[in-house]
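In what follows, chains are A, B, ... by sequence order, proteins preceding strands, each numbered from 1. Everything numeric here is computed off the predicted structure, so don't read it as measured data.
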There are 2 protein chains.
Amino acid sequence: MNEAAAPGRVGDVRRRNLSLVLDSIARTGDAKPSRAQLAAGTGLTKAAVSSLVADLVESGLVSEVGLYRDGERGRPGQGLELSSRRGVVGMEINVDYLAVGLVDLGGNLRFHSAVESRNRGLAPAKVMERLGLLAAEVKAEAAAANIAILGGGLAVPGLVDAQRNLVLSAPNLHWEQEELNPRALLEGAPLGVRLSNEANSAALGELWYGTGQPDFLYVSGEVGVGGGVIIGSELYTGPGGTAGELGHIVVHPDGPGCSCGGAGCLETFAGQEAIFEAAGTPQGSLGERTELLLAALAAQEPQATQAVHDAGRYLGVALASSARLMDIEAVVLGGHFAVLAEWLKPALLTSLERYAPGLLDPGNLTVSTLEHSGTLLGAAGQVIRSVIESPFEFLLASKLA
Amino acid sequence: MNEAAAPGRVGDVRRRNLSLVLDSIARTGDAKPSRAQLAAGTGLTKAAVSSLVADLVESGLVSEVGLYRDGERGRPGQGLELSSRRGVVGMEINVDYLAVGLVDLGGNLRFHSAVESRNRGLAPAKVMERLGLLAAEVKAEAAAANIAILGGGLAVPGLVDAQRNLVLSAPNLHWEQEELNPRALLEGAPLGVRLSNEANSAALGELWYGTGQPDFLYVSGEVGVGGGVIIGSELYTGPGGTAGELGHIVVHPDGPGCSCGGAGCLETFAGQEAIFEAAGTPQGSLGERTELLLAALAAQEPQATQAVHDAGRYLGVALASSARLMDIEAVVLGGHFAVLAEWLKPALLTSLERYAPGLLDPGNLTVSTLEHSGTLLGAAGQVIRSVIESPFEFLLASKLA
DNA sequence: CCATATAGTTCAGATTGAAAACTAATTGGA
DNA sequence: TCCAATTAGTTTTCAATCTGAACTATATGG
């Protein structure tokens, strides 16, 4: 008996149905369903839904929002929605900036703020201090709007251990085995602050607040090339939690050495630095270099065009291999790749067609529309999702308080 | 409300616990646990376990096997085991042979038979006819041993649609969109016959009856190069069910064209045909060529050695990329690669160390020990697993009958 | 032969959803 | 104006199923 799965108890049924009803309300979104509609949608009886909704309303997760009239006869229903008076703070540390946002349970970004910050090489404590200022701003905004902060999500460009609040490694920040104390950013928030990986959060943001496709590979072109795999509306993390390292897929066995110790990795051909260098973009801040590169592309300068073309070609190789291995049918481009999409896509599609003909419909290669808030939304969304998936635990906690 | 998850009913608790108890008995295997031990292992009360076991015994899935004595004091328990009087037939169609086997619920291969058969290009009906002869043999053996056949699993080297009993494509058999009628092989078996992919079945066989690791990539080197990804003791199939196509990962962007329409695929460097050709092995049957190649390798013939070395190198590239993308930490070599392992492994490990240093512990690169029966066991195991995972449905059916 | 220990069963109690009957609120037509 | 029709939501009764505690069954060892 190596694995001890938990036994089913009578009470589990209610846990599950609480989650089912809450999830139904979340999915229905703006339509603000009534109890009767939820009963029809979930397959539960009206009696069961009424009882479940009563608990959810009492906990503050769900609120009744006026009457619901369809223009037909009969008693109108009470509209239900995820409370707009409860929110989660999304936070992001990246190489060049810090960002925070307040997301209510319904997924609306109620407030948003970002500052430039050269975080590479900075001590984690120093960065957390700066982030704390932004967090204070959010808290003030939340108080003003009468929104209770339930918790927060913090995305960093590196490998994290969410259980132990540990950044295992964030090479682009020059961090290694750093213990953050994210909880301190939002003192008093009952659900604390959850660490997560930037690319994974962006992928989840795209899933919950973007395209809504259930299966896709999100490609994050920040300083490194990252990826997030969404399968069946869930993040695929792999057994060790480090899946999606698209940047270190080998795209040429005779390629140059990579910072990861390997060779021929995608990142050495399609990382930001690699593209800037191949394009001959002079040194400078990220914003400046991006401007210059875009200008060069617009001017059809050959070196820049070739650089982006090559990046697209090798990205195509990596995507072809990924699609074959993981059966991926859709790709969403984010970060740098979204910015360069116009010039990148043709080479990418040609490459895909060469290495995996017919596997990926060109229409399934899309560009993220969430821009910089995707990561934020995903980081906060993970906390919101955890409430939607186990509301019972939340109910218990809020009854004690 | 786009997805309608099923509501939890009170009866679901019992469904789950029936499965939990059955699974506990299966895992404990030869130890033949008592009800009391199951209660301790599952966290259920003795009362609940007794009630659940009663149902399982009545259905015939579980049998009591004499008393259980620990040498200590107290009333001895009744040992329980998955019935050895119920079995599932595993069947395999491959390019060069057909095989069948009888697996009892406890996972013991009770009977096994295989014949050579040049199936490439043969009509599916003709192949099924030959397979029917083997199936008849199994049925006779089962009758003689007083084992009731519950169902069967049939593995084929191609992409299948298990719901519709369809082989979507099996290029190495020259089959395309073939409708088989596997159920006819085992008339009267209550669970019918389930089609599955050969590489996936071999991976599952390895999981259930081989190493027992919960996370690994199985590499099947038959005529094509296939793969099966096991994550968290489950087969990863991807959204469309075609995941694990290791053979068509791009290992060299300037590589030769592949039968899949792409270019630079692993299969063009490490497929059986590619290795034979590179090694200069003359034409002939698979068995003959394998003998010749092994002899050449034993004699340290340079061309053969180089061919296998190259195959290992490119397999290393594919595994490095796979490990990065899917966070795979262990690899099991099967089929042709298991046969060549002695000569293949050094180059493979060197390659892995070059392209993904430190990612895969050399000790986690193992060779399948199940040989040809792995696929059979996996094909049958899927049916056995489906019973273990939802015994309630089986109970219902057996009560009606 | 009895104290002790362990296995397994029986029965009351609690939780929970289904089903059906009931109350509540609204519209439209007589 | 008022009542039939219609839809929303609540109350009540019932069945399924687990827990916990008390009970019975069967072994060992002095």
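Spacing between atom CD of Q78(A) and atom P of dT7(D) amounts to 18 Å, rounded to whole angstrom units. What separates NZ of K46(A) from P of dC22(C) is a distance of 14 Å, to the nearest Å. Between the CG atom of D55(B) and the P atom of dG8(C) there is a distance of 17 Å, given to the nearest Å. Taking atom CZ on R15(B) and atom C1' on dC18(D), their separation rounds to 17 Å, with Å as the unit. Atom CZ of R73(A) is separated from atom C1' of dT26(C) by 10 Å (rounded to the nearest Å). Whole-Å rounding puts the L395(B) CG to dA16(D) P distance at 15 Å. The CZ-P distance, from R14(A) to dA14(C), rounds to 17 Å in whole Å. Between the CG atom of L38(B) and the P atom of dT6(C) there is a distance of 18 Å, given to the nearest Å.
Nearest heavy-atom pair, V13(A) versus R9(B), reported as atom, atom and distance to 0.1 Å: CG2-O, 3.4 Å.
Side chains of S386(B) and E393(B) form no contact here, defined as non-hydrogen atoms less than 4.5 Å apart. In this structure, R16(A) and D12(B) have side chains that are in contact, with non-hydrogen atoms separated by less than 4.5 Å.
Contact annotation: side chain of R75(A) to base of dA25(C), donor-acceptor pair absent below 3.5 Å.
Mapping G79(A) and R9(A) onto DNA chain D via the closest heavy atom, the residue that lands nearer the 5' end is G79(A). Comparing L44(A) and G74(A), the nucleotide of DNA chain C nearest to each residue sits closer to the 5' end for L44(A).
When heavy atoms are screened at a 4.0 angstrom cut-off, V10(B) is found touching base atoms of the nucleic acid. Counting non-hydrogen atoms under 4.0 angstrom, A47(A) reaches a base of the nucleic acid. A48(A) comes within contact range of the sugar-phosphate backbone alone, with a heavy-atom separation under 4.0 Å but no base atom that close.
For S34(A) and dG9(D), the shortest distance from a side-chain N or O to OP1 or OP2 is below 4.0 Å. Within the 4.0 Å cut-off from OP1 or OP2 of dT10(D), at least one side-chain nitrogen or oxygen of S50(A) is found. N17(B) has no side-chain polar atom (N or O) that falls below the 4.0 Å cut-off from OP1 or OP2 of dT17(D).
The residue from V49(A), L52(A), L22(A) that alone fulfils the side-chain contact (heavy atoms from CB on, under 4.5 Å) condition with L38(A) is V49(A).
Judged as a side-chain contact (heavy atoms from CB on, under 4.5 Å), and not counting sequence neighbours, the contacts of S63(A) are E81(A), S83(A).
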